[in-house]
Amino acid sequence: MSKLQAPRGTFDVLPDDADAREAVEREARRVLEAAGYRRVETPTFEATELFARGVGEATDIVRKEMFTFEDQGGRSLTLRPEGTAPVCRAYVEHGMHKHAQPVRLWYLSSFYRHEAPQAGRYRQFWQVGAEAIGSDDPAVDAETILLLADLLDALNTHGIRLRISSLGTPETRAAYREELQAYLRAHEERLPREVAERIDLNPLRAFDAAGIEDLMADAPKLLDRLDADDAAHFAEVRRLLDGAGVHYDVDPTLVRGLDYYTRTVFEFESSELGAQSGVGGGGRYDRLVEMIGGPDTPGCGWAAGVERILLAADRPPVAPPPVDLYVAFVRPGDRATAFALAGEARRAGLGAQLELAGRSLKGQLKQADRVGARFVAILGEEGTELRDMESGDQRAVDAGRVVREVIRGREL
Ligand code: ATP
Ligand code: MG
């Protein structure tokens, strides 16, 4: 029969990788919980409409990247492509507007996008994310940015650059959009086809297009069109970041791939990552909660790709779990005693492994050495012996004292 493989764009997390990913989770918990964020978990799939409304019909994600299916009851469901809309859905569904605001939530979950697989771009990937819902204070924007900067720093990511901008309100954006569309139409003969074709649908994407950098450098910029409130908000975010020593570039061409952003947007990228340079990004989404049927509620947050963080980070060598005791035996009649001893040792807090492959005594000692066992208990005809693998000393011990002896010996 043919050999089965994991689906295209997916990957197995093998034990060495799992350790590195746990480090991301541990640091995320430490950095975020210190700032009052608490963990949240939403379902792997949601009603398709949540993303159609929350992420936006015009976005690449909704137009071509979603894994959408119909369930047995004819409902359209979608594997979550991002985390903000689901977290906001949970905020509304559980009446979290009644809690002290802003409600601060973090997650580390898998996400699904039908994209062309390549290094750093998968169809199932993981994001760590943080959302602060219920306050429009610019300190929220600055604090979320600072937290992601701290997390990336704690994980030793290299070549990190932060770009920030402000998208203003949807109204400012609509007026600006028309201005930009007029500019693009006036220069239509210079535009690549995919940009020209999308002037109506998504003119902002022209800033990302290759080959027209000169033209776009002279294009009108949204940052110059912000209303007074939005401009003041952005100035305050920058002042707070400056005060905290966070380095950033203001990039008026920064556009995010999701429709729900208002005011502050930001992106962290790493020079280590080649083409898929985005490590994480986010921004403020003051209309999103209302768009998915909740009360008018501002929010701000980010998501960062776990695989891209690891690609941009130093990965310290992985230490396998310590083995304090290896329980060796030769006669099948000693198996039950050995089995019970290994269990007793683990309950006492030791790392303990039992011989599981029927090796000869010589083979077992070799295996104990391979796993780095500190002590080996050898159950034999003459009783139990305890071997110190560091000194090579071996002596008879009372079977009932093995665990105590190992604990004592380990501390020496
Ligand atoms: P990109 O420009 O790389 O497509 P994006 O703007 O679509 O990224 P977001 O929706 O902002 O990404 O998601 C936040 C982060 O999640 C990204 O910065 C990236 O680290 C990670 N990410 C996004 N899509 C993928 C993917 N298909 N595979 C792995 N990581 C991803
Ligand atoms: Mg993308």
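Read the numbers this way: they start at 1 and go in the same order the structure lists the ligands and their atoms.
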Nearest heavy-atom approach of A130 to Y107 is N-CE2, 4.4 Å
Counting from 1 in the order shown, the ligand 1 atoms closer than 4.0 Å to a non-hydrogen atom of Q127 are 13 (O), 14 (C), 15 (C), 16 (O)
Enumerate the atoms of ligand 1 whose separation from the nearest heavy atom of Y122 is less than 4.0 angstrom. 26 (C), 27 (N), 28 (N), 29 (C)
Could you tell me, atom by atom, which parts of ligand 1 come under 4.0 Å of a heavy atom of V279? 18 (O), 20 (O)
Closer than 4.0 angstrom: is that true for some heavy atom of E82 and an atom of ligand 1? no
Mark yes or no: R225 above the aromatic ring of Y176, with NZ or CZ under 6.0 Å from the six-membered ring centre and no more than 45 degrees from the axis. no
Taking 4.0 angstrom as the limit and counting only heavy atoms of G278, give me the atoms of ligand 1 inside it, by number and element. 18 (O), 19 (C), 20 (O)
Judged on heavy-atom distance to atom 2 (O) of ligand 1, which of R123, Q276, R121 sits nearest? R121
Using a 4.0 Å cutoff against the non-hydrogen atoms of G120, which atoms of ligand 1 qualify? 28 (N), 29 (C), 30 (N)
Indicate yes or no: does an N/O atom of E115 lie under 3.5 Å from an N/O atom of ligand 1? yes
G278 backbone acceptor or donor facing R308 side chain under 3.5 Å: yes
Think R238 forms a cation-pi with F234, using NZ or CZ under 6.0 Å from the six-ring centre and within 45 degrees of its axis? yes
Applying ring pair (Phe, Tyr, Trp, His ring centres under 6.0 Å) to F11 and not counting sequence neighbours gives Y122, W126
R308 N/O to ligand 1 N/O under 3.5 Å: yes
Using a strict 4.0 Å cut-off to heavy atoms of G305, name the atoms of ligand 1 that fall inside it. 15 (C), 16 (O), 20 (O), 21 (C)
Will you find, in the side chains of R121 and Q276, an N or O donor that is under 3.5 Å from an N or O acceptor? yes
T10 (side chain) donor-acceptor with Q124 (main chain) under 3.5 angstrom: no
